> 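Before anything else, here's the structure in question.
For the single chain, residues carry numbers from 1 onward in sequence order. Nothing here was measured: the structure is a model prediction, and the numbers come from that model.
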Amino acid sequence: GNPIGYNGAIVFAEAVGSGALPFLEKIWLGGKQIGDVGVTALATAVGNGLLPQLEKLWLCDNQIGTDGVAALATAVGSLPSFKLLELGRNSIGDAGVTAIATAVANGALPLLEQLHLQGNNIGDDGVIALAEALGNHGALPVLRGLNLGSNAIGDSGILALATELGKGALPNLKDLYLNHNSIGDDGMIALADALGNGALASLTDLFMYTTAPALQAACKAHGIKYH
């Protein structure tokens, strides 16, 4: 797409702030290079209640970091019908995922169906924070798609996630992307054990793009497509 930069995003946010788009349901700003400044301006408009019907927001490839996603997580959490958040290929890192985890642990985004965080340099600490929000607070109860691919997640993050999945987290999840991370045998076995014990009963597709015999066997036993 054509880069509008943060100045363009601010102009757009100002238009939203004037009440010009109260019925807007979808915003696509992928690849616009809006950065933290632009997304924070947008988050302010959202947080002020000026996009009450917003359901889907695409912000992939935008150089968004921790500050931007922290503002955004708080803002979209107030939207009553918000269903899709695409933040792929930004730079939110562990701190950004932790900001999202904190928001959803406090009840934000109860109707979110799709959360895409691929390619964000997310490591174990971020996934552990997200797992805690999912498990201890029952966050994201209707989530159907979670993309954590192409990050830096290792065994400790996956072990935490598998533990909470085994307790019943994400009961409606259908698609899970964990491909292109740094998950070793321990993480794969933990996921396999969780699936074997009935976790993710709604899961239809697991994307790993690597050979993991125990996990592949668990998927096959439960009718899950392993990719």
> For the pair H222 (side chain) and A218 (backbone), establish whether a donor and an acceptor sit closer than 3.5 Å, ignoring hydrogens and angles.
yes
> Identify whether I153 and I128 are in the same connected component of the hydrophobic contact network (ILVMFWY, side-chain heavy atoms under 4.5 Å).
no
> Can you sort out the partners of E25 under side chain to side chain donor-acceptor pair (under 3.5 Å), two or more places apart, ordered by chain and number?
none
> Applying side chain to side chain donor-acceptor pair (under 3.5 Å), can you list everything that pairs with N179, at least two apart in sequence or on another chain?
none
> Hey, what do you get for CG (L200) to CG (D175), rounding to the nearest 0.5 Å?
11.0 Å
> Tell me, yes or no, whether the heavy-atom count around N121 atom CG, taken from other residues, nucleotides or ligands under 6.0 Å, exceeds 12.
no
> Search all heavy atoms of A103 against all heavy atoms of A73 and return the closest pair with its distance.
CB-O, 3.9 Å
> For D124 and I158: C-alpha separation, side-chain torsions, deciding distance, then whether side-chain contact (heavy atoms from CB on, under 4.5 Å) applies.
CA-CA 8 Å; D124 290 329; I158 292 301; over 6 Å; no
> Applying a strict under-4.5 Å side-chain criterion to I, L, V, M, F, W and Y, I'd like to know whether I92 and L59 cluster together.
yes
> Would L143 and N172 count as a side-chain contact (heavy atoms from CB on, under 4.5 Å) here? Give the steps.
CA-CA 6 Å; L143 195 72; N172 291 294; over 6 Å; no
> Measure the CD-CG distance between Q63 and D36 for me, rounded to the nearest 0.5 Å.
9.5 Å
> Consider only side-chain heavy atoms of I, L, V, M, F, W and Y, link residues closer than 4.5 Å, and tell whether L109 and L79 are in one cluster.
yes
> Should L161 and L134 count as side-chain neighbours, where that means a heavy-atom distance under 4.5 Å?
yes
> So, Q118 versus H116: side-chain donor-acceptor pair below 3.5 Å or not?
no
> Can you find a pair of side-chain heavy atoms, one from M208 and one from L206, that are under 4.5 Å apart?
yes
> Quick one: does N197's side chain have a donor or acceptor within less than 3.5 Å of a partner on L195's backbone?
no
> Does atom CG of N136 have more than 12 heavy-atom neighbours, drawn from other residues, nucleotides or ligands, at distances under 6.0 Å?
yes
> Just to verify, what does K167 make a salt bridge (Lys or Arg N to Asp or Glu O under 4.0 Å) with, not counting sequence neighbours?
E164
> If you measure from CZ on R144 to NZ on K83, what distance do you get to the nearest 0.5 Å?
10.5 Å
> Parallel, tilted or perpendicular: which one describes the rings of Y209 and H180, with boundaries at 30° and 60°?
tilted
> Is there a side-chain contact between L176 and F207 (heavy atoms, below 4.5 Å)?
no
> Given side chains that start at C-beta, do those of V142 and P110 come closer than 4.5 Å, heavy atoms only?
no
> When you measure from the side chain of D155 to the backbone of G187, do you find a donor-acceptor pair of N or O atoms at a distance under 3.5 Å?
yes
> Do you know the tightest heavy-atom contact between L159 and A190?
CD2-CB, 3.3 Å
> If only atom types and distance count, is the side chain of N147 paired as donor or acceptor with the main-chain N or O of L117 below 3.5 Å?
no
> Do P213 and L215 touch side chain to side chain, with heavy atoms closer than 4.5 Å?
no
> Output the distance between atom CG (N62) and atom CD1 (I34), rounded to the nearest 0.5 Å.
4.5 Å
> Name every donor-acceptor pair, under 3.5 Å, that has one atom in a side chain of residues 43-57 and the other anywhere in the protein, sequence neighbours excluded.
unit_1: T44; atom_1: OG1; unit_2: T40; atom_2: O; d: 2.9
unit_1: N48; atom_1: ND2; unit_2: T44; atom_2: O; d: 3.2

> Within this structure, what is the OG1-CD distance for the pair T163 and E132, rounded to the nearest 0.5 Å?
12.0 Å
> Residues in salt bridge (Lys or Arg N to Asp or Glu O under 4.0 Å) with D61, at least two apart?
R89
> Work out which heavy atom in M188 is nearest to a heavy atom in T210; give both atom names and the distance.
CE-CG2, 3.5 Å
> Quick check: is V127 connected to L203 through a chain of hydrophobic side chains (ILVMFWY, heavy atoms under 4.5 Å apart)?
yes
> Would you check if L130 and T98 make a side-chain contact, meaning some heavy-atom pair closer than 4.5 Å?
no
> For the pair D125 (side chain) and D94 (backbone), establish whether a donor and an acceptor sit closer than 3.5 Å, ignoring hydrogens and angles.
no
> Measure the shortest side-chain to side-chain distance between N120 and V69 over non-hydrogen atoms and say whether it is less than 4.5 angstrom.
no
> For L72 and L87: C-alpha separation, side-chain torsions, deciding distance, then whether side-chain contact (heavy atoms from CB on, under 4.5 Å) applies.
CA-CA 11 Å; L72 188 65; L87 284 167; 4.1 Å; yes
> Please determine whether residues I64 and I122 belong to a single hydrophobic cluster, defined as Ile, Leu, Val, Met, Phe, Trp and Tyr linked transitively by side-chain heavy-atom distances below 4.5 Å.
yes
> Find the distance between CG (N181) and OG (S150) and round it off to the nearest 0.5 Å.
7.0 Å
> Can you check side-chain contact (heavy atoms from CB on, under 4.5 Å) on L173 and L146, steps first, answer last?
CA-CA 8 Å; L173 196 71; L146 176 61; 4.0 Å; yes
> Using side-chain heavy atoms (C-beta onward) and a distance below 4.5 Å, is I224 in contact with D205?
no
> Which heavy-atom pair separates A162 from L191 by the least distance, and what is that distance?
CB-N, 4.1 Å
> Testing the basics here: between P141 and G138, what is the closest heavy-atom pair and its distance to 0.1 Å?
CD-O, 3.8 Å
> W58: which other cluster members, linking ILVMFWY side chains closer than 4.5 Å, directly or transitively?
W28, L84
